[in-house]
> 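After the structure tokens below, expect a handful of questions from me.
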Amino acid sequence: MREHVADESVDLIYLDPPFNSNANYNVLFRERSGEESPAQIKAFTDTWEWTQETERAYELDIIASPRTPVEVKEMVAAFRQFVGRNAMMAYLVMMAPRLVELRRVLKPTGSIYLHCDPTASHYLKLLMDSVFGVKNFKNEIVWKRTSAHSDSKALGRTHDIILLYAQDRSKFSWNIQYQPYDQDYIKSHYRHKTEKGRLYRTDNLTATGLSGGGYEYEWNGVTRVWRAPRRTMERWQREGRIHYTRNGIAEYVRYLDEMPGMRLQDVWTDLPPINSQAKERLGYPTQKPQALLERIIQASSKEGDVVLDPFCGCGSAVAAAEKLGRRWIGIDVTHLAVALIKNRLKTAFSLEPRLHYQVVGEPLDVGSARALWEMDPYQFQFWAISLLEAQPRERRKRGADRGIDGLLYFIDGPRRSPQKVVVQVKGGRVSSPHVRDLRGVVEREKAALGLFITLEEPTREMRREASGGGLFHSVLWNRDYPKIQIRSIADLLEGRGFEMPPRPSAYQPAQRVHRSLGEQGMMMEAAMPYADGA
């Protein structure tokens with residue numbers, strides 16, 4: 001954010017950071033049948049502990065940092081004295097400097113929504129008070145995220161907390177939102193029904209006692225001081241807007257189907273979570289329903305505004321912002337999440353990176369790809385596999401991938417059955433034995449193809465070894481494909497991809513949305529150091 005997001009440039013911030021839940025979260029992918037498989041790759045670990053690195057962050061990024069306001073330093077120091085040096089304190093040390101940075105980029109008219117759960121919400125509220133000021137607290141929103149939850153020795157935990165703060169209480173943007181009436185309210189207030197079945201309620205039309213006065217005349221044989229002049233009453237009569245009591249007194253008719261609903265309250269029970277059958281389900285852990293993000297974005301921004309999600313995960317806030325005509329910035333530290341968001345933008349909005357939006361921090365050339373590999377081989381592997389939209393393969397322990405870094409499937413054969421494609425990624429030195437090993441994996445897995453991605457340029461011996469792997473004949477496309485193929489990162493970045501039949505994406509497709517395209521924001525990915533020329 002310090003490098004790419006200017007001061008006071010963002011209209012709305014939504015963040016759904018890890019909750020300190022002491023759990024691992026996994027991404028689900030589709031099996032060959034199209035059904036979801038068990039969790040196959042770890043997306044992130046929401047587990048915190050106090051370490052020497054945490055101690056250093058506490059001292060340098062908070063206490064000694066000139067960027068940290070005095071109020072925040074005092075609050076975090078008080079937390080340390082009260083909470084102690086433990087997992088919760090490590091979590092708060094992670095959050096504090098990020099919240100300070102988010103305040104810097106938020107416009108005076110902006111708002112920030114912090115999504116959390118009761119495990120840490122009380123600590124985060126105090127921290128938000130110190131960052132944004134107690135006077136700028138607006139709401140503690142309770143979102144009912146599930147209908148029931150079995151907790152053996154506690155009440156069922158069924159809600160999350162969303163803390164809403166303004167940058168400046170006197171200037172923040174707000175658009176009135178409505179939520180549907182609940183059934184009890186409808187039954188008690190809309191008790192009348194027309195012959196066509198329209199429910200309605202009635203309001204008093206007399207003006208007796210009102211400070212503004214009214215209009216005295218006879219209507220339907222009843223003389224009263226009415227709230228509207230005779231001409232208006234005549235129009236309402238023609239429009240079927242007047243109901244008469246047994247005493248002949250006119251009342252105004254309000255139809256239920258014309259009412260916007262109840263003004264939005266701070267308890268949201270009408271936005272169900274994403275279940276296993278939801279069209280928008282992507283299989284990403286902690287995915288929030290897009291309707292939740294749409295409500296937040298509509299309440300606190302307008303078309304053309306900039307929405308920022310600094311923990312964007314699978315991109316629900318990004319997708320909601322794009323659908324509603326906002327510009328957006330999404331930040332995540334894993335290439336796995338970025339690949340999922342790119343796929344979501346493509347399937348839902350037909351958006352392509354570079355053409356419609358910019359990805360900052362993702363390798364653009366061999367130099368920056370090598371920098372990523374040197375920093376984190378696993379993130380390099382995720383990124384390389386994402387170039388094929390392949391399904392990553394979980395490493396349950398280091399090195400235990402059985403020669404498979406990723407998988408693809410396509411439909412072929414006389415029975416139109418799924419055909420497996422094995423993907424291997426290598427970032428260091430490579431030689432012909434690596435290709436020979438891939439041939440063995442393809443035979444063991446009974447795969448149709450084996451794809452080898454290498455950071456270094458493949459040798460002549462490697463290409464010769466690959467050419468000896470034979471051909472796969474596609475019945476559906478009546479074409480032969482090399483069974484073992486090699487491409488370098490340079491090949492893939494320059495558009496020289498693998499030869500294979502068309503195949504579906506490994507990721508769940510996002511629900512498609514039709515909207516005219518406008519200027520987009522950028523999606524940032526912060527795990528990547530820049531190499532020269534990147």
Side-chain angles (χ1 to χ4, degrees), residues 335-336 339 353 362-393 395 398-410 412 419-474 477 479-503 506 528-529 531-534:
H335 289 274
L336 185 64
E362 194 171 57
L364 299 176
D365 55 24
V366 174
S368 52
R370 182 171 288 108
L372 176 59
W373 177 73
E374 292 172 350
M375 182 188 71
D376 189 333
Y378 290 102
Q379 288 299 321
F380 169 78
Q381 175 184 303
F382 292 151
W383 168 75
I385 289 173
S386 77
L387 297 177
L388 307 183
E389 295 186 0
Q391 167 183 320
R393 184 67 175 265
R395 292 175 181 262
R398 192 170 296 275
D401 57 10
R402 292 176 54 81
I404 302 175
D405 296 320
L407 292 171
L408 286 169
Y409 294 95
F410 62 88
D412 210 298
Q419 304 293 322
K420 182 189 294 186
V421 180
V422 172
V423 183
Q424 279 191 1
V425 179
K426 299 294 182 184
R429 293 185 60 183
V430 289
S431 59
S432 55
H434 290 114
V435 182
R436 196 174 304 123
D437 291 342
L438 176 58
R439 289 179 60 177
V441 173
V442 169
E443 292 176 7
R444 185 194 73 214
E445 297 291 322
K446 297 181 175 57
L449 302 174
L451 309 182
F452 191 92
I453 302 175
T454 171
L455 180 58
E456 305 298 332
E457 284 298 317
T459 66
R460 183 180 303 175
E461 290 76 14
M462 291 173 63
R463 295 189 186 279
R464 185 180 299 115
E465 183 70 36
S467 64
L471 299 172
F472 169 80
H473 179 72
S474 169
W477 299 94
R479 177 182 168 185
D480 291 330
Y481 296 90
K483 198 170 184 67
I484 304 296
Q485 301 179 37
I486 306 173
R487 296 292 185 274
S488 67
I489 290 295
D491 290 331
L492 297 178
L493 291 176
E494 293 171 8
R496 298 190 296 272
F498 291 99
E499 299 177 51
M500 59 184 303
R503 78 279 183 189
M528 172 66 197
D532 292 341

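The figures that follow rest on heavy atoms only: side chains count, while hydrogens, waters and symmetry mates do not. Residue indices begin at 1 and follow the sequence shown.
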> What's the verdict on side-chain contact (heavy atoms from CB on, under 4.5 Å) for Val442 and Leu438, showing C-alpha distance, side-chain angles and the deciding distance?
CA-CA 6 Å; Val442 169; Leu438 176 58; 4.2 Å; yes
> Tell me whether Gln379 contacts the main-chain N or O of Leu372 through its side chain, where contact means a donor paired with an acceptor under 3.5 Å.
no
> Measure the shortest side-chain to side-chain distance between Leu451 and Met500 over non-hydrogen atoms and say whether it is less than 4.5 angstrom.
yes
> Determine, using ring centers only, whether Phe410 and Phe472 are less than 6.0 Å apart.
yes
> Looking at Pro363 and Ser368, what are the two nearest heavy atoms and their distance?
CA-OG, 3.3 Å
> Could you report the tightest heavy-atom contact between Ala390 and Val423, atom names first, then the distance?
CB-CG2, 4.5 Å
> Taking side chain as C-beta onward, heavy atoms only, is Ile489 less than 4.5 Å from Phe380?
yes
> Please state whether the rings of Phe452 and His434 are parallel, tilted or perpendicular, taking 30° and 60° as the class boundaries.
tilted
> Counting only heavy atoms from other residues, nucleotides and ligands, does the tally under 6.0 Å from CZ of Arg429 exceed 12?
no
> Return yes if some donor-acceptor pair links the side-chain N/O of Lys426 with the main-chain N/O of Ile453 below 3.5 Å, else return no.
no
> Distance-only, no hydrogens or angles: does the Arg487 side chain make a donor-acceptor pair with backbone N or O of Gly497 under 3.5 Å?
yes
> To the nearest 0.5 Å, what is the distance between CG (Leu336) and OH (Tyr378)?
14.5 Å
> List the steps, then state whether side-chain contact (heavy atoms from CB on, under 4.5 Å) holds for Tyr409 with Lys420.
CA-CA 5 Å; Tyr409 294 95; Lys420 182 189 294 186; 3.8 Å; yes
> For the CG atom of Leu492 and the CG atom of Leu388, what is their distance to the nearest 0.5 Å?
6.0 Å
> First locate atom CE of Met462, then atom CD of Glu457, and finally report the distance between them rounded to the nearest 0.5 Å.
10.0 Å
> Do Gln424 side-chain atoms and Gly403 backbone N/O form a donor-acceptor pair below 3.5 Å?
yes
> Can you find a pair of side-chain heavy atoms, one from Ser467 and one from Pro482, that are under 4.5 Å apart?
no
> Go through the steps to decide whether Arg439 and Glu465 satisfy the test salt bridge (Lys or Arg N to Asp or Glu O under 4.0 Å), and finish with yes or no.
CA-CA 9 Å; Arg439 289 179 60 177; Glu465 183 70 36; 3.0 Å; yes
> Once rounded to the nearest 0.5 Å, what's the spacing between atom CD of Gln381 and atom CG of Asp376?
10.0 Å
> If the test is side chain to side chain contact (heavy atoms under 4.5 Å, CB included), which one of Val435, Leu471, Val422 qualifies with Ile484?
Val435
> Rounded to the nearest 0.5 Å, how far apart are CG of Asp412 and OH of Tyr481?
8.0 Å
> Nearest heavy-atom pair of Arg370 and Leu455: which atoms, and what distance?
CA-CD2, 3.8 Å
> Between Lys483 and Glu443, is there a salt bridge with N-O shorter than 4.0 Å?
no
